[in-house]
Amino acid sequence: MNGPSGRGWWIGALGLFATLLVLWVAAAVRLSAAAAAPSDLMTSLRSRLTANYAPDPGGSTVRSLRLTIFQEVLQDLGMSSEAAAGQSQEMAELMKSPVPTATARDFQGAKPFTATPAATPPATETPEPTATNTRTPRPTATVTKTPKPPTSTPSGSLDTTDPTICCIDLNPDPPATLSTCSFDVEELEVFDPAFSAGVNESDVYVKYSGPSTGGYIYTQLSFKSGGFSGGPGTDFNAIYDGTVNLTDVYDGETIDVWGKVKDAAGNGWVYYSAGDFTLSGTDCP
């Protein structure tokens, strides 16, 4: 008795489950079809206008513009209602004025500079040159006087100018090779312009130096000729001479020769390069 009644219960449960499964599948199919189909609500939210990317027709005008939107924007930016209302009113007044034909000079609306026409002067005719009979005057003889040579007169009363060495004449003439331990200074010419205190014989030298001399070696020259051109204070021009005996110069060495002078007032020393000699075949200890 227990066996058949248990089998009937299981059959009833399976039948109920199959029935519920069929109902669930049918409901799912119905809902999917409803979602896929356009509804009245979705259709009402779509625009019935098609896209038009053509340019706007020319000559269209704005029929109305609510200027209070300026006040709302200014308030959204943080202005108080009073300040926004005043600013909005100013903008509305500006929009009522005609559009300027030129840009203002500043933000306050100053009128721009405008060019003012200037009258162009009428062109003037340039008269053509007329031939004129001009006579060229004959040159007249002019007598020119040859200036006299300046006289050697003292200028001032103090000697403040350095003397100069005009030239030095050596024997042999450098550059040359010496086979003896001496050479001659035939002329050393000194010039001291007026106002001149003259040149003392003790202040006229020839000096030389070489690899073994350790510096310059000096030889004082002697007065030969010349002097003041017109008495004390005038130009001084004189010639000096002498013989230079070499020491501390050895075979194969080259020496440089210079003149050296100052005037009696102490102006100088001034120097003059006379050339160089090379000793050959002998030593000058």
Side-chain angles (χ1 to χ4, degrees), residues 146-285:
T146 303
K148 295 181 179 179
T151 57
S152 299
T153 57
S155 57
S157 58
L158 294 176
D159 186 353
T160 58
T161 305
D162 289 345
T164 58
I165 299 175
C166 162
C167 43
I168 300 177
D169 186 11
L170 304 180
N171 185 21
D173 293 327
T177 300
L178 296 178
S179 58
T180 61
C181 293
S182 65
F183 62 90
D184 293 327
V185 182
E186 295 184 343
E187 287 187 357
L188 185 151
E189 185 175 353
V190 177
F191 176 74
D192 192 37
F195 183 86
S196 173
V199 176
N200 295 326
E201 186 180 53
S202 59
D203 293 328
V204 181
Y205 293 91
V206 162
K207 63 177 183 176
Y208 67 90
S209 67
S212 302
T213 59
Y216 284 102
I217 298 177
Y218 294 84
T219 299
Q220 180 182 329
L221 301 183
S222 302
F223 177 78
K224 182 177 181 181
S225 61
F228 290 106
S229 60
T234 59
D235 293 342
F236 181 88
N237 193 13
I239 295 174
Y240 301 81
D241 63 1
T243 299
V244 176
N245 295 310
L246 302 178
T247 58
D248 296 329
V249 182
Y250 298 91
D251 185 19
E253 292 184 345
T254 300
I255 60 172
D256 294 324
V257 182
W258 291 75
K260 175 183 176 181
V261 65
K262 71 175 181 178
D263 61 19
N267 298 307
W269 299 90
V270 295
Y271 304 90
Y272 185 94
S273 176
D276 57 74
F277 292 113
T278 300
L279 195 63
S280 177
T282 187
D283 293 329
C284 305

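Positions are given from 1 along the sequence.
- At least one donor-acceptor pair under 3.5 Å links the side chain of Asp159 to the backbone N or O of Ala197.
- The distance from the CG atom of Asp251 to the SG atom of Cys284 is 9.5 Å, given to the nearest 0.5 Å.
- Rounding to the nearest 0.5 Å places CD1 of Ile217 at 5.0 Å from CG of Asp248.
- Each of Leu170, Asp169, Asn171 was scored for a side-chain contact (heavy atoms from CB on, under 4.5 Å) with Glu187, with one residue passing: Asp169.
- Under the side-chain hydrogen bond (donor to acceptor under 3.5 Å, both in side chains) criterion, Asp256 pairs with no residue at all, not counting sequence neighbours.
- Remark: Cys167 pairs with no residue by the disulfide (SG to SG under 2.5 Å) rule, at least two apart or across chains.
- The nearest pair of heavy atoms linking Asp283 to Cys181 is O-SG, 3.5 Å.
- Within the 4.5 Å cutoff, the side chain of Asn245 has no heavy atoms near those of the Thr219 side chain.
- Judged purely by atom type and a 3.5 angstrom limit, Glu201 uses its side chain to pair as donor or acceptor with the backbone of Phe223.
- A donor atom on one side chain and an acceptor atom on the other are found under 3.5 Å apart for Thr278 and Thr254.
- With sequence neighbours excluded, the residues that form a side chain to side chain contact (heavy atoms under 4.5 Å, CB included) with Ser273 are Trp258.
- Nearest heavy-atom pair across Val249 and Tyr208 is CG2-CE1, 3.9 Å.
- Minimum interatomic distance between Val185 and Asp241 (heavy atoms only, all atoms of both residues): O-CB, 3.1 Å.
- The shortest side-chain heavy-atom distance between Pro172 and Leu178 falls under the 4.5 Å cut-off.
- Counting all heavy atoms, side chain and backbone alike, Val199 lies closest to Tyr240 at O-OH, 3.4 Å.
- Between the CG atom in Asp192 and the NZ atom in Lys262 there is a gap of 13.0 Å [rounded to 0.5 Å].
- Remark: side-chain polar atoms of Asp162 are paired, donor with acceptor, to backbone N or O of Gly268 under 3.5 angstrom.
- Here the closest non-hydrogen pair linking Asn267 and Asp263 is N-OD1, 2.7 Å.
- Asp203 places no side-chain N or O within donor-acceptor distance of the main-chain N or O of Val261, the cut-off being under 3.5 Å.
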